[in-house]
Asker: 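Sending over a structure as C-alpha cells; questions will come in a sec.
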Amino acid sequence: MLHKNDLILRAATGQPVSRIPVWLMRQAGRILPEYRAIRNRLSGFVELVRTPELAAEVTIQPVDILDVDAAIIFSDILVIPEAMGLPYQMVEKKGPYFPTTIKTMDQVKQLKVADPETDLHYVLDAIRLAKKELAGRVPLIGFAGAPWTVFAYMIEGSGSKTFSKARGMLYKEPELSHNLLEKITLSTIAYLKSQTQAGADLIQIFDSWAGILPKSHYLTFSLPYIQRICQAIENVPVTVFAKGAQFAMPEIGKTSCATIGLDWQMDIQYTRQLLGPEKTLQGNLDPCVLYASNQDIARCTRKMIDAFGTQRYIANLGHGVYPDTKVDAVKCFIETVKNYEL
Ligand code: CP3
C-alpha cells in the first residue's frame with residue numbers, strides 16, 4: 001500500500017529522507033489519558049489486547065495525538081506463550097504473571113507451535129482494522145519478542161531483576177532450552193508472517209533481556225533464533241532491538257535485519273563504526289530525558305541527532321516511554337526531531 005508518510009520505510013530501506021522519522025517504543029499506552037479511559041472501561045489489559053476494535057483504536061491514538069511517523073500495533077510479546085498453551089495474566093501495577101511455568105522437557109513437548117490464524121486471530125484482526133482506519137496515513141509496525149526474551153518469561157513466570165531461573169536453565173538443561181527456543185521461534189515466524197499478511201509494514205523484534213546474558217550464551221541461545229526470524233520475514237524491513245547487547249553489536253550487524261535499535265547506554269558513534277553504513281539505526285534517547293525541561297529535552301534530542309546523522313536513522317527513545325512521562329514532554333521530543341534541519 002502507498003503511504004502518505006513513508007519516512008520510516010524510506011529510512012529503514014536506506015532511501016533518502018526529507019526529514020527524520022520519529023516514533024516511541026510503548027507509545028500506545030499509559031502515557032495517554034485517552035488510553036487509560038478505554039482501558040478503565042474493561043476488566044484489564046488482556047481484555048483490551050483481545051478486543052480488536054479497541055486495540056486498533058489505541059494503536060491509532062498516538063498518531064492522532066502525538067503525530068508520530070508510525071503506529072505500532074497494540075498487543076504484547078506474551079501473546080505467543082499463551083498461543084503455545086501457557087497463559088499469562090497482567091497483574092495491576094506488577095506486570096505479567098504466569099500461573100504455570102516451564103520446568104520439564106515433558107512440558108515443552110506438550111506446548112504447541114502457535115497457529116496464528118486460530119490462536120492469534122485477534123491480533124491479526126486488530127492489524128486489519130488499524131490499517132483500514134489509518135488509511136495509509138503512516139506505516140504500521142508489527143512486533144514480537146525475541147525467542148530468548150519470551151523464553152525468559154516462560155521459565156521465570158514473571159518479571160525479575162536477575163532472571164536467574166531462566167539464565168540457570170540454559171546451564172542446567174541446554175537441550176530443553178534449545179527445544180523450547182525452537183518452538184517459540186517457529187511460533188514467532190508464523191505469527192510475524194501473518195502480521196505482514198494482515199498489513200504490518202515493518203516488524204520489530206524486542207530482545208528486552210538480551211543484556212543479561214554472557215556473550216557466549218547470547219550467541220548460542222538468542223542471536224541464532226533472531227537471525228532465523230530475520231531470514232524468514234522477506235517482504236518487510238525488520239528491526240532488531242536487543243537491549244543491553246552492545247557486546248554483541250558486530251554479530252547483530254551480520255543478521256539480515258534492516259534496522260538495529262540502540263538502547264540509551266549504547267555509544268552512537270562507536271556503534272555506527274562497528275556496524276558500517278549498511279544498517280539503519282534507531283534510538284536512543286534516555287527515556288528519563290523526558291522528565292527534564294522542554295529546553296533540555298530539545299537540547300539532548302539535537303545532540304543525539306548530531307551523533308546519529310540524519311539519513312539511515314529513525315529517532316526513538318532507548319527503551320519504552322515510562323508511564324509517568326508528561327504528554328507535553330513527548331510532544332517536545334517529537335517536534336524537536338521534526339524541526340531538525342537536514
Ligand atoms: O509499543 C507500543 O506502544 C505497543 C504496545 C506494547 C505493549 N507491550 C503494551 C503493554 C509493546 C510493544 C509491548 C512489548 C513488551 N511487553 C515488551 C518488550 C518491550 C519492552 O518494554 O522491553 C515486554 C518485555 C513486554 C512484557 C510486559 N508487558 C511487561 C514487563 C509489562 C508490565 C510492565 C510495563 O511495562 O507495563 C507489560 C504490560 C504492558 N504491555 C502494558 C502495555 C500498555 C501495561 C499494562 C496496562 O496498560 O494495563
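Everything numeric in this text was worked out from a predicted model, so none of it was measured. First listed ligand is number 1; within each ligand, the first listed atom is number 1. Below, all heavy atoms of this structure are taken into account, side chains as well, without hydrogens, waters or symmetry copies.
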Asker: Whether Glu82 and Arg50 form a salt bridge (side-chain N of Lys/Arg under 4.0 Å from carboxylate O of Asp/Glu) is what I want to check.
Answerer: yes
Asker: For atom 35 (O) of ligand 1, state which one of Met25, Gln27, Arg26, Arg36 supplies the nearest heavy atom.
Answerer: Arg26
Asker: Quick one: do Asp328 and Lys331 make a salt bridge, cutoff under 4.0 Å?
Answerer: no
Asker: Does any N or O of ligand 1 fall below 3.5 Å from an N or O anywhere on Arg30, backbone included?
Answerer: yes
Asker: Test of understanding: given a 4.0 Å heavy-atom threshold, classify the contact between His319 and ligand 1 as side chain, backbone, both, or neither.
Answerer: side chain
Asker: Quick test: of every protein heavy atom, which one is nearest to atom 31 (C) of ligand 1, and how far off is it to 0.1 Å?
Answerer: Pro96 CD, 3.7 Å
Asker: Taking Arg41 first and then Glu47, would you say they form a salt bridge - that is, a charged N and a carboxylate O separated by under 4.0 Å?
Answerer: no
Asker: Taking only Lys NZ, Arg NE, NH1 and NH2, and the carboxylate oxygens of Asp or Glu, determine whether Arg128 and Asp125 approach each other closer than 4.0 Å.
Answerer: yes
Asker: Looking at Ala56 and Leu129, what are the two nearest heavy atoms and their distance?
Answerer: CB-CB, 3.8 Å
Asker: For atom 7 (C) of ligand 1, which candidate among Pro62, Ala146, Ser75 holds the nearest heavy atom?
Answerer: Ser75
Asker: Taking both backbone and side-chain atoms of Ala28, is any N or O found less than 3.5 Å from an N or O belonging to ligand 1?
Answerer: yes
Asker: Main chain of Asp267, side chain of Gln246: is a donor-acceptor contact present, judged purely on distance under 3.5 Å?
Answerer: yes
Asker: To which protein heavy atom is atom 45 (C) of ligand 1 closest, and what is the distance rounded to 0.1 Å?
Answerer: Phe45 CD1, 3.6 Å
Asker: Report, in ascending order of atom number, the atoms of ligand 1 lying under 4.0 Å from any heavy atom of Ser208.
Answerer: 18 (C), 19 (C), 20 (C), 22 (O), 24 (C)
Asker: Would you check whether Arg39 has a nitrogen or oxygen atom less than 3.5 angstrom from a nitrogen or oxygen atom of ligand 1?
Answerer: yes
Asker: What are the atoms of ligand 1, with element, lying closer than 4.0 Å to any heavy atom of Phe206?
Answerer: 12 (C), 18 (C), 19 (C)
Asker: Evaluate the criterion side chain to side chain donor-acceptor pair (under 3.5 Å) for residue pair Asn40 and Tyr35; output intermediate values, then yes/no.
Answerer: CA-CA 9 Å; Asn40 290 339; Tyr35 166 82; over 6 Å; no
Asker: Side chains of Tyr191 and Asp119: donor-acceptor distance under 3.5 Å anywhere?
Answerer: no
Asker: Measuring from the heavy atoms of Phe241, does anything fall under 4.0 Å of ligand 1?
Answerer: no
Asker: When you measure from atom 12 (C) of ligand 1 to every protein heavy atom, which one gives the shortest distance, and what is it?
Answerer: Phe143 CZ, 3.4 Å
Asker: So which protein heavy atom does atom 23 (C) of ligand 1 come closest to, and at what separation?
Answerer: Ile77 CD1, 3.5 Å
Asker: Using only atom types and a distance under 3.5 Å, with no angle test, would you say the side chain of Gln227 pairs donor to acceptor with the backbone of Ser256?
Answerer: yes
Asker: What are the atoms of ligand 1, with element, lying closer than 4.0 Å to any heavy atom of Gly95?
Answerer: 32 (C)
Asker: Report the relative orientation of the aromatic rings in Tyr153 and Trp209; use parallel for angles under 30°, tilted for 30 to 60°, perpendicular for over 60°.
Answerer: perpendicular
Asker: May I ask you to identify, for Thr149, whether its side chain, its backbone, both or neither come under 4.0 Å of ligand 1 on a heavy-atom basis?
Answerer: neither
Asker: Could you list which atoms of ligand 1 come closer than 4.0 Å to a heavy atom of Tyr35?
Answerer: 43 (C), 46 (C), 47 (O)
Asker: Consider ligand 1: state whether an atom of it lies below 4.0 angstrom from any non-hydrogen atom of Gly320.
Answerer: no
Asker: Side-chain heavy atoms nearer than 4.5 Å, only ILVMFWY residues, links allowed to pass through others: does that put Tyr322 and Leu290 together?
Answerer: no
Asker: Please report whether ligand 1 has a polar contact with Tyr153, defined as an N or O pair separated by less than 3.5 Å (distance criterion only).
Answerer: no
Asker: Taking 4.0 Å as the limit for heavy-atom contacts, which would you say applies to Met90 with ligand 1: side chain only, backbone only, both, or neither?
Answerer: side chain
Asker: Would you check, one step at a time, whether the test side chain to side chain donor-acceptor pair (under 3.5 Å) holds for Thr101 with Glu156?
Answerer: CA-CA 7 Å; Thr101 57; Glu156 201 79 28; over 6 Å; no
Asker: Is there at least one pair of N or O atoms, one from Asp76 and one from ligand 1, spaced under 3.5 Å apart?
Answerer: yes
Asker: Between Arg19 and Asp69, does any NZ, NE, NH1 or NH2 come within less than 4.0 Å of an OD or OE carboxylate oxygen?
Answerer: yes
Asker: Considering only protein heavy atoms, determine whether one is less than 4.0 Å from atom 4 (C) of ligand 1.
Answerer: yes
Asker: Could you list which atoms of ligand 1 come closer than 4.0 Å to a heavy atom of Ile73?
Answerer: 4 (C)
